[in-house]
Amino acid sequence: AVKDKRGRCELAEGGTLLLDEVSELPIDLQAKLLRVIQERVVEPVGSEQRIEIDVRLLAASNVDLKKRVAEGSFREDLYYRLNVIPVHVPPLRNRTGDIPLLAKRFLSRFVPDATVEMSPQLISCLQGYSWPGNIRELKNTIRRAVLLAKGDIIQTDDLAPEIRANQVSNPNATNQ
């Protein structure tokens with residue numbers, strides 16, 4: 001290496017490090033992560049120096065880590081180190097009331113000057129869809145709708161055909 005490059009733990013110093021999809025870490029890396037959590041020290045590759053770190057860890061997974069522990073693909077000691085304050089976030093299909101707020105937030109990101117709105121029918125259609133891809137799918141759906149919209153109001157016709165066609169019966173869906 002021509003120069004030193006700080007790792008993620010060093011870059012997060014004094015802040016928060018998100019370990020997204022922690023369940024996918026190979027067992028050998030899980031052991032290294034456990035050591036970092038326990039000792040609060042990292043040793044950069046090729047270095048003989050240990051660097052103390054002060055980071056808050058957030059670990060996210062879309063699978064049940066306890067089940068992975070039982071299967072032997074996730075270290076039990078790491079599970080208990082990470083499982084300090086578990087937060088279960090239900091899938092978007094179970095939180096249809098959040099969809100209008102999330103969709104409006106994504107819309108404001110993609111159209112910062114607020115010149116585009118969403119029709120009530122569009123919101124209802126979004127609330128009626130099952131969202132297998134969760135919030136990431138909703139975000140991309142709004143991005144696509146903004147790009148395909150023919151006017152200042154996004155309509156259901158601006159949605160992907162599979163979203164219009166695969167709506168589920170949703171008693172919580174509301175016209176807003």
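All values reported here derive from a predicted model rather than from experimental measurement.
- D152 meets the side-chain hydrogen bond (donor to acceptor under 3.5 Å, both in side chains) test with no other residue; sequence neighbours excluded.
- Salt bridge E13/R6: absent, no basic N to carboxylate O contact under 4.0 Å.
- Residues S61 and E21 approach most closely at CA-OE1, 4.1 Å, considering heavy atoms.
- In this structure the side chain of M118 reaches within 4.5 angstrom of the side chain of I142, judged on heavy atoms.
- Side-chain atoms of R40 come within 3.5 Å of backbone atoms of V55 as a donor-acceptor pair (strictly under, hydrogens ignored).
- Counting only residues at least two apart or in different chains, salt bridge (Lys or Arg N to Asp or Glu O under 4.0 Å) contacts with residues 56-70 comprise E24-R68, R68-E71.
- Counting heavy atoms from C-beta on, the side chains of V69 and R75 never come closer than 4.5 Å.
- Classification of R136 and D20 as a salt-bridged pair holds, one side-chain N sitting under 4.0 Å from a carboxylate O.
- Within the structure, salt bridge (Lys or Arg N to Asp or Glu O under 4.0 Å) pairs that include any residue of residues 105-122 do not occur (at least two apart or interchain).
- A distance-only check finds a donor-acceptor pair linking the side chain of Q30 to the backbone of S73 [under 3.5 Å].
- Across I153 and D158, no two heavy atoms sit closer than the pair O-OD2, 4.1 Å.
- In this structure, the side chains of T141 and W131 come closer than 4.5 Å at one or more pairs of heavy atoms.
- Contact annotation: the side chain of V146 never approaches that of R144 to less than 4.5 Å [non-hydrogen atoms, C-beta and beyond].
- Atom CZ of R8 has 12 or fewer heavy atoms from other residues, nucleotides or ligands within 6.0 Å.
- Between the side chain of N94 and the main chain of P91, no donor-acceptor pair closer than 3.5 Å is present.
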**Request:** Could you walk me through whether E137 and Y129 pass the side chain to side chain donor-acceptor pair (under 3.5 Å) test, one step at a time?
**Result:** CA-CA 11 Å; E137 184 182 11; Y129 182 63; 2.8 Å; yes
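- At a threshold of 4.5 Å between non-hydrogen side-chain atoms, the residues L159 and L122 count as touching.
- L58 places none of its side-chain heavy atoms less than 4.5 Å from the side chain of L19.
- The main-chain N or O of L92 is found under 3.5 Å from a side-chain atom of N134 such that the two form a donor-acceptor pair.
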